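What follows is a short report on a single structure.
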Amino acid sequence: MNIAEFPRVRLASLPTALEPLERLSADISGPRLFVKRDDMTGLATGGNKTRKLEFAMAAAMQEGANCVITTGGIQSNHARQTAAAAARLGLSCELVLRHSAHDEDENYLNNGNILLDRLLGAKLHLHPAGSDRDALMADLAEKLRSSGIRPTIIPLGASYPTGNLGYADAAMEIAAQANELGITIDAIVTATSSGGTLAGLAAGFDTLGYSTQLFGVDVDNDPDCLEKTISPQIEATKVLMGHPGELEHVRVEILFGHAGAGYGLPSDEMREAVRRAAETEGLLLDPVYSGKAMAGLIALAKSGRFGLDANILFLHTGGVAGLFGYSSQLSS
Ligand SMILES: *Cc1c(COP(=O)(O)O)cnc(C)c1O
């Protein structure tokens, strides 16, 4: 793999742990479940964006940027990790955040990730639900440039080939940890939204020649996400890695039906998965991504899709700060 050739800054505590989930496996009567603790990447409560930002921030600094602009929802984990990365590296950070259906909720508006964004010194630009985030970021960049600042825009979720390298690198890390444990990973299950995590894993495992199956649990209720988002991300990431073409060793499947009524909207199945992981393993999931992904994993396991001795890895992408932003959605 050519990952070492790309500029990178150290932001994450790596490798993150890969641990068995024995009580949860028993609770759902198999298969053998493991968790990759990317909720513990270490930057301002952690999460999957930190790996992507190691490459995205390095690229921005190499371009001479002294400011990063990015976007997400009010409770964006990506925005919070970008704010923390910028603080650590001495860049300024401007966040274009979009309102949503939870606008009446005091915790949603001021607790959780957005509380941390403010503590981390980011400048917040709040916009109504449905506004065009890319246009808003471009306008903001223009305005900053005209006052002598050198901004770079990091796309939604840091999901673009440079950011996705973080998850191609994670594929190598997972393969090495599985070898150490003397197991092969038959499948990986994770939440998918802007697609870079899944795309980076797919490109990474494929380049390694490691045969596995990747399940992305759709959290957006977007039936076209594979064609619109994930496949193009995989293709572009493979090109950047000097390994263009179709996937040969990795199968990617999207699991639908676990997003509830849509992005950030709670479901009973998500609440049940969050509670089950907490009560059986002391493992905290989040309401927007990892809770729905775990619900997808439990449903998949119960459907008999895996053999009882299959090794299934749940990639925990983080989001724990979101528990506090969505607290009213979790108590019922
Ligand atoms: C952003 C995010 C995801 C989704 O990752 P993508 O690369 O955008 O598909 C999953 N879980 C959490 C906690 C996230 O913040």
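Computed from a predicted model, the values in this text were never measured in an experiment. Indexing begins at 1, ligand by ligand and atom by atom, following the structure's order.
Protein heavy atom closest to atom 5 (O) of ligand 1, with residue, atom name and distance, is Asn48 ND2, 3.1 Å. Nearest non-hydrogen protein atom to atom 11 (N) of ligand 1 is Thr317 OG1, 2.6 Å. If you check which protein heavy atom lies closest to atom 14 (C) of ligand 1, you get Lys49 NZ, 3.0 Å. In this structure, atom 8 (O) of ligand 1 lies nearest to the protein heavy atom Ser194 OG, 2.5 Å.
Interface of Thr192 with ligand 1, defined as ligand atoms under 4.0 Å from a residue heavy atom, comprises 9 (O). Atoms of ligand 1 lying under 4.0 Å from at least one heavy atom of Gly319, given by number and element, are 13 (C). For ligand 1, the atoms lying closer than 4.0 Å to a non-hydrogen atom of Thr197 are 5 (O), 6 (P), 7 (O).
The distance criterion of under 3.5 Å between nitrogen or oxygen atoms is not met by Ala191 with respect to ligand 1.
Of all the heavy atoms of Ser159, the ones lying under 4.0 Å from any atom of ligand 1 belong exclusively to the side chain.
At least one heavy atom of Gly318 sits less than 4.0 Å from an atom of ligand 1. For Ser290, the heavy-atom gap to ligand 1 stays at 4.0 angstrom or more.
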(request) Just do the salt bridge (charged side-chain N to carboxylate O under 4.0 Å, His left out) check on Glu246 and Lys238 with the steps written out, would you? (result) CA-CA 9 Å; Glu246 298 287 306; Lys238 290 190 92 230; over 6 Å; no
(request) Just do the side-chain contact (heavy atoms from CB on, under 4.5 Å) check on His127 and Asp132 with the steps written out, would you? (result) CA-CA 9 Å; His127 293 281; Asp132 181 343; over 6 Å; no
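Using cut-offs of 30° and 60° for the angle between ring planes, the Tyr108 and Tyr326 rings count as perpendicular.
Here Asp309 does not pair with Arg32 in a salt bridge; the nearest charged N to carboxylate O distance is not below 4.0 Å. Note on Glu54 versus Arg51: no salt bridge recorded, every NZ/NE/NH1/NH2 to OD/OE distance being 4.0 Å or above.
Here CD of Glu235 is found 11.0 Å from CD of Gln233. Values are rounded to the nearest 0.5 Å. The distance from atom OG of Ser231 to atom CG of Leu198, rounded to the nearest 0.5 Å, is 9.5 Å.
Cation-pi geometry between Lys49 and Tyr289 is satisfied (NZ or CZ under 6.0 Å from the ring centre, within 45° of the ring normal).
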